[in-house]
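Let me begin by presenting the structure, written as structure tokens, before commenting on it.
Note that the numbering runs from 1 along the sequence shown for the chain. Small disclaimer: the values here were computed from a predicted structure and weren't measured. The analysis underlying the following values was restricted to heavy atoms, covering all of them including side chains, and did not include hydrogens, waters or symmetry mates.
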Amino acid sequence: MKDNLISKTFLWMCFGLLITFITGYFVAHNEVMLENIYGGWGYWIFVIVELLLVIVLSARIMRMKPATAKVCFLLYSFVSGLTFASIFVYYAIDSIMIIFLVAAIIFAVMAIIGYTTNVDLTRIGTYLFFALVAVLVVALINIFIGSSMLAMIISIVCVLIFIGITAYDVQKIKALESSGLPKENLAIYGALDLYLDFINLFIHLLSIFGKSRD
């Protein structure tokens, strides 16, 4: 198989997802860790660390040494797993598995479309980005409103947004292959983008269709 940027990107993305899901599953089945993370300020500390890591990676990944970029990405995947444990506590495992499969199929289809289409998705990607910002603002407002109906609408819109962003990101990564930039760093850059696309697609599908453990 040709060792190209896309294959490296998907390999690192899958590795990151594997770390996140294994970590989340392990934490969810360890009462001591659950109490330490969710019993006080631990959860919010990890959320802040998670946000700082993704900001640093997004801003400086191309200036990092390849080994540093890889370590930071894997660390981010691990920290995300610590906060991800809540889904294994709240949702039934069979529901998680089914929706993970659905998310993976949708993601794969959109990735193929993004890789093979001759249509320039740049403008669409820009529109989707602004739509995502608007949705995030509404989601923040809904924290204070607490409307379950609005939360459902937000999740539906987010699913549609990340379906489109997935195709856009794959096309963007494909275009970067001929940019002359370091392939190892580009692979981590692309893996982070696609990791976030998949995680968000999965979480919002789970919030719509997932069944609780009750």
- Closest heavy-atom pair and its distance - Ile99, Phe209: CD1-C, 3.7 Å

- Ser7-Asn4 side chain donor-acceptor pair, cut-off 3.5 Å: yes

- Task: May I ask you to test the Glu50-Tyr76 pair for a side-chain heavy-atom distance under 4.5 Å?
- Result: yes

- Below 4.5 Å, heavy atoms only, C-beta onward: do Lys172 and Tyr189 meet side chain to side chain? yes

- Heavy-atom closest contact (Val89 atom, Ala28 atom, distance): CG2-CB, 4.0 Å

- Item | Any Ile93 side-chain heavy atom under 4.5 Å of Tyr25 side chain | yes

- Message: Tell me whether the count of non-hydrogen atoms from other residues, nucleotides or ligands lying under 6.0 Å of CZ in Phe15 goes above 12.
- Response: no

- Task: Compare every heavy atom of Ala187 with every heavy atom of Leu5, then report the nearest pair and how far apart it is.
- Result: CD1-N, 3.5 Å

- Message: I need the Ile165 CD1 to Leu121 CG distance, nearest 0.5 Å.
- Response: 12.0 Å

- Task: First locate atom OG of Ser80, then atom CG of Leu75, and finally report the distance between them rounded to the nearest 0.5 Å.
- Result: 9.0 Å

- Item | Contact check, side chains of Ser207 and Ile203, non-hydrogen atoms, under 4.5 Å | no

- Item | Hydrophobic cluster membership, Val138 vs Ile145, 4.5 Å side-chain cutoff | no

- Query: Which pair of non-hydrogen atoms, one from Gln171 and one from Gly114, has the smallest distance, and what is that distance?
  - Reply: CB-O, 3.4 Å

- Interatomic spacing from CE in Met64 to CG in Leu57 - rounded to 0.5 Å: 5.0 Å

- Are any of the side-chain heavy atoms of Thr126 and Tyr168 separated by less than 4.5 Å? no

- Looking only at heavy atoms, what is the nearest atom pair of Ile106 and Leu201, with distance? CG2-CD2, 4.1 Å

- Message: Checking Phe10 against Val170 for the side chain to side chain contact (heavy atoms under 4.5 Å, CB included) test, could you report, in this order, the C-alpha distance in whole Å, the side-chain angles of both residues, the deciding distance, and whether it holds?
- Response: CA-CA 10 Å; Phe10 276 99; Val170 171; 4.2 Å; yes

- Message: Quick one, Leu132 and Phe162 - any side-chain contact, counting heavy atoms below 4.5 Å?
- Response: yes

- Note on the structure: Rounding to 0.5 Å, atoms OG1 (Thr166) and CG (Asp197) come to a distance of 4.0 Å

- Message: For residues Leu11 and Leu176: do they belong to one hydrophobic cluster (side chain heavy atoms under 4.5 Å, members Ile, Leu, Val, Met, Phe, Trp, Tyr)?
- Response: no

- Query: Donor-acceptor pair, Asn36 side chain versus Val32 backbone, under 3.5 Å?
  - Reply: yes

- Check the side chains of Thr20 and Tyr195 for a donor-acceptor pair under 3.5 angstrom, ignoring hydrogens and angles. yes

- Are the side chain of Thr117 and the backbone of Ile113 linked by a donor-acceptor contact shorter than 3.5 Å? no

- Query: What salt bridge (charged side-chain N to carboxylate O under 4.0 Å, His left out) pairs are there with at least one residue in residues 99-108, not counting sequence neighbours?
  - Reply: none

- Rounded to the nearest 0.5 Å, what separation is found between the CZ atom of Phe88 and the NE2 atom of His29? 8.5 Å

- Would a 4.5 Å heavy-atom cut-off, applied to side chains only, mark Ile6 and Ile173 as touching? yes

- Cluster link Ile141 to Ile154, ILVMFWY, side chain under 4.5 Å: no

- Query: When rounded to the nearest 0.5 angstrom, what is the spacing between CG in Leu205 and CD1 in Ile156?
  - Reply: 10.5 Å

- Message: Same cluster or not: Ile55 versus Phe78, using hydrophobic residues (I, L, V, M, F, W, Y) connected whenever any side-chain heavy atoms lie under 4.5 Å apart?
- Response: yes

- Message: Less than 4.5 Å apart, side chain to side chain, heavy atoms only: is that true for Val54 and Leu196?
- Response: yes

- Item | Listed once per pair and sorted, the ring pair (Phe, Tyr, Trp, His ring centres under 6.0 Å) pairs that draw on residues 105-146, sequence neighbours left out | Phe107-Phe198

- Message: Hydrophobic clustering (ILVMFWY, side-chain heavy atoms < 4.5 Å, transitive) - are Leu192 and Val47 grouped together?
- Response: yes

- Which pair of heavy atoms, one from Ala191 and one from Trp12, lies closest together, and at what distance? CB-CB, 3.6 Å

- Results of salt bridge (Lys or Arg N to Asp or Glu O under 4.0 Å) for Glu184 - residues two or more places apart only: Lys8, Lys70

